[in-house]
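Just below is one structure, and these are the notes that go with it.
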Amino acid sequence: MITIGIDYYPEQWDKSLWEIDAADMERLGIKTARIGEFAWCRMEPREGEFDFKWLDEAVATLYSHGIKVILGTPTNCPPLWMFQKYPETLQCDREGNRVHPGIRGHRCMTNPTFRKFAARIVEKMAERYAGRDEIYAWQIDNELESNHCTCSSCADSFRQWLKNKYQTLDCLNQAWQTITWGQEVSDWSQITPLITESVNKTDWFNPAYMLDYERFCSWSVTDYVRFQCEIIHRYDSHAVITTNECFSSHMPDFHQLFNELDVASYDNYPPIALPKDPEEQYSNAFALDFIRSFKQKNFWIMEQLGGSMGCWQPITPALEPGMLEGYALQAVAHGADLLSFFRWRTSVGGAEMFCYGLKDHDNAWNKNLDELQHLVYSRLSQMPDITETTIHSKVAMLYSADQEFSFHMQAQSKGFAYWTQLRLFHDACMNLGVNLDILPEGASLAGYSVVIVPTHFVVDNDVVAALEEFVSNGGAAIITNRSGVKDKNGNCIFGESLPTKFSKLCGCHIIETDGIGEAQYRIRSIHGSVFKNTSWSDLIALDTAEPLARYMDRYYAGTPAVTLNEYGRGKAYYIGTVCEKAMYRSLLQDIFTEREIPFMEMLPDGVESTERSSNTNRYRFLL
């Protein structure tokens, strides 16, 4: 059966509540509790003075009720004595100033002094708890983002990362094309992290430098995870280690980060107020399939929606009846094997006092607890072998952190977004009841029938070669606009018509581009269907391809907008614009029909379906 867990903060509550809480958790079928990730100040109240007695008691109380602990390393929030005595351990912001202590995540991941204290507290915990029956798993830190600290330690680390990559300044200058605007680097000390008060106006900075800087920031947090994992594994080589991730404006390369970990975990806060616009892509299914992709296997939810959201936003409406249970089942449908609800009881103080948990400030039993009980005993208990199943897909979509980094730096047109195109394809698959895997660059394409490659802006020649082989051997590939624009260094490809490295595969080339922004026009398919298009228009010239749809408006009315090219034993599709949802669903229906991939044609808009299966059992979920 799916493991049900809870996020619990015993240090915030009087000990008289611990036994009562644990008994209630046991009654609800809760099997794990995540604790400790914000409690460094209680574990080491003064430098070198450690107190784990309270944590021992909390672990023992939970375990006496059949609840194992997911133990968080508390390095996200070091105690204030550290920042007071060692101010260099504080992060610097984008203007180069030390941040104010008192928020969370404000430590510098590379600072040697911080690393010394972080290593010591993690080692003390590992010495005491690693390998014990009470410990279910370990969580590293909390909701890690790319490390954009601009302190001297991070500057030194960035320069060393670049030296390891390029070896010489001549190679770096060539890769970054620094001759533009006369920015050639003559000494390594001239290279710094991005320090600017107008950080969002990154279009004034060298994109190749910015791309490498984002890669470094991602590598930096991955190295931080590796550093903590090595300590825990010294004490228990079989320890299961994860970290809880969420999606933010400064995401690292998650595929790289989770290579260091045993399980991918996600903090799952799907929308409570659903949008009325049917074109808005709001389904949380994309995030769930994305997190599954990080390890290409079932995953955990470390924070599952347990109540109304607040603190970082105005307080949302209350959860509709069935919403807590339904969103939990959606996570299971996409491969979650553990659901840890956030949180057991809403905090009475601090910034999260209005980020509601299962229990409100009145500490009373409520409908959320009733729904959790129903989920455990009336839903999941009816699927006892569900953990033996997983997601099996014939359709995959490629994701690359380099694309996310690059589009974050250089907007292509108003309203144009990498994630929009990823989600349009994903939504279409969910609305057709077809499982979809999201793969990193370089992943094997064996076993798939269809591979979707949205907006592959920074092109990797190995990816192109793999796609050509895949299609030549009988597969179907879908490439979209703004693909093949830049090389791996982040510079535009010279002397080749777009989509450059993909032109041979797609059998076409681009004669002009039109960044139409938020304007809406139309395309007409060869079947006569008319669809709205927006954001971008590639004006396509046919080489060996044939048109599937043409533009209806602007001066290029009649020019191909969507094409099909036979390549070897397979087919390659090129979509030169961004369309309404219906176009993607229509195109995929045709492709799935031709390739004999079963789909659910009659699902209404807004209804999605996923299947988990094993050799002996299949579960079809409808949301």
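Computed from a predicted model, the values in this text were never measured in an experiment. Because only heavy atoms are used, hydrogens play no part in the values below, and waters and symmetry mates are left out as well, while side chains stay in.
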For this session: List the steps and the verdict of side chain to side chain contact (heavy atoms under 4.5 Å, CB included) for Ile232 and Thr73.
Result: CA-CA 10 Å; Ile232 296 169; Thr73 65; 4.2 Å; yes
For this session: Dump the intermediate steps for salt bridge (charged side-chain N to carboxylate O under 4.0 Å, His left out) on Asp337 and Lys297, then the final yes or no.
Result: CA-CA 10 Å; Asp337 281 347; Lys297 64 181 183 181; over 6 Å; no
For this session: Report the residue from Leu17, Asp21, Asp7 that forms a side chain to side chain contact (heavy atoms under 4.5 Å, CB included) with Trp344.
Result: Asp21
Answer yes or no: is there a donor N or O on one side and an acceptor on the other, between the side chain of [X] and the main chain of [Y], under 3.5 Å?
| X | Y | value |
| --- | --- | --- |
| Trp18 | Pro10 | yes |
| Arg343 | Arg345 | yes |
| Gln91 | Gly105 | yes |
| Asn111 | Glu88 | yes |
| Ser347 | Glu352 | no |
| Asn244 | Glu143 | yes |
| Arg618 | Glu611 | no |
| Asn368 | Gly306 | yes |
| Asp427 | Gln281 | no |
| Thr610 | Ala333 | no |

Distance, nearest 0.5 Å, that separates [atom1] of [X] from [atom2] of [Y]:
| X | Y | atom1 | atom2 | answer |
| --- | --- | --- | --- | --- |
| Asp385 | Thr389 | CG | OG1 | 7.0 Å |
| Ser146 | His250 | OG | NE2 | 8.5 Å |
| Ile386 | Ser613 | CD1 | OG | 9.5 Å |
| Leu338 | Lys31 | CG | NZ | 12.5 Å |
| Ser220 | His148 | OG | NE2 | 10.0 Å |
| Gln228 | Ile121 | CD | CD1 | 11.0 Å |

[Y] and [X], any side-chain heavy atoms less than 4.5 Å apart:
| X | Y | value |
| --- | --- | --- |
| Arg34 | Ser265 | no |
| Met125 | Ile135 | no |
| Met600 | Arg620 | yes |
| Tyr9 | Glu37 | yes |
| Arg98 | Cys92 | yes |
| Asn268 | Ile291 | no |
| Lys15 | Thr61 | no |
| Gln296 | Pro440 | yes |

Exercise. Parallel under 30°, tilted from 30 to 60°, perpendicular over 60°: which one fits the rings of Phe50 and Phe52?
Worked result: parallel
Problem set entry | Geometric class of the His426/Phe286 ring pair [parallel <30°, tilted 30-60°, perpendicular >60°] | perpendicular
Ring centroid separation for [X] and [Y], is it under 6.0 angstrom?
| X | Y | value |
| --- | --- | --- |
| Tyr266 | Phe290 | no |
| Tyr235 | Trp138 | no |
| Phe117 | Trp81 | yes |

Around atom [atom1] of [X], are there more than 12 heavy atoms from other residues, nucleotides or ligands closer than 6.0 Å?
| X | atom1 | answer |
| --- | --- | --- |
| Arg42 | CZ | no |
| Glu19 | CD | yes |
| Glu49 | CD | yes |

For this session: Could you check Tyr327 against Ile301 for side chain to side chain contact (heavy atoms under 4.5 Å, CB included), going step by step and ending with a plain yes or no?
Result: CA-CA 11 Å; Tyr327 273 140; Ile301 298 295; over 6 Å; no
For this session: Would you please test Glu245 and Leu144 for side chain to side chain contact (heavy atoms under 4.5 Å, CB included) and show each step?
Result: CA-CA 6 Å; Glu245 280 297 357; Leu144 290 161; 3.4 Å; yes
Exercise. Asp223 and Arg226: salt bridge (charged side-chain N to carboxylate O under 4.0 Å, His left out), yes or no, with the steps?
Worked result: CA-CA 5 Å; Asp223 181 68; Arg226 183 187 304 114; 3.0 Å; yes
Exercise. So Asp605 and Lys581, salt bridge (charged side-chain N to carboxylate O under 4.0 Å, His left out) or not? Walk me through it.
Worked result: CA-CA 10 Å; Asp605 289 338; Lys581 284 183 176 183; over 6 Å; no
Write down the atom of [X], the atom of [Y], and the distance for their closest heavy-atom approach.
| X | Y | value |
| --- | --- | --- |
| Lys295 | Val263 | CG-C, 4.3 Å |
| Thr32 | Ile67 | C-CG2, 3.6 Å |
| Asn147 | Cys154 | ND2-SG, 3.5 Å |
| Ser381 | Pro384 | O-CD, 3.7 Å |
| Pro317 | Ile272 | O-CG2, 3.5 Å |
| Leu324 | Leu358 | CD1-CD2, 3.7 Å |

For this session: May I ask you to check if Arg104 and Phe38 form a cation-pi contact, with NZ or CZ under 6.0 angstrom from the six-membered ring centre and within 45° of the axis?
Result: no
Is there a donor in the side chain of [X] and an acceptor in the side chain of [Y], or the other way round, less than 3.5 Å apart?
| X | Y | answer |
| --- | --- | --- |
| Asp141 | Tyr224 | yes |
| Tyr129 | Asp56 | yes |
| Ser153 | Thr110 | yes |

For this session: Tell me, with the steps shown, if Lys367 and Glu371 meet salt bridge (charged side-chain N to carboxylate O under 4.0 Å, His left out).
Result: CA-CA 6 Å; Lys367 82 176 194 303; Glu371 274 197 34; 5.9 Å; no
For this session: Step by step, work out the side chain to side chain contact (heavy atoms under 4.5 Å, CB included) result for Trp419 and Phe247.
Result: CA-CA 12 Å; Trp419 277 56; Phe247 303 143; 4.1 Å; yes
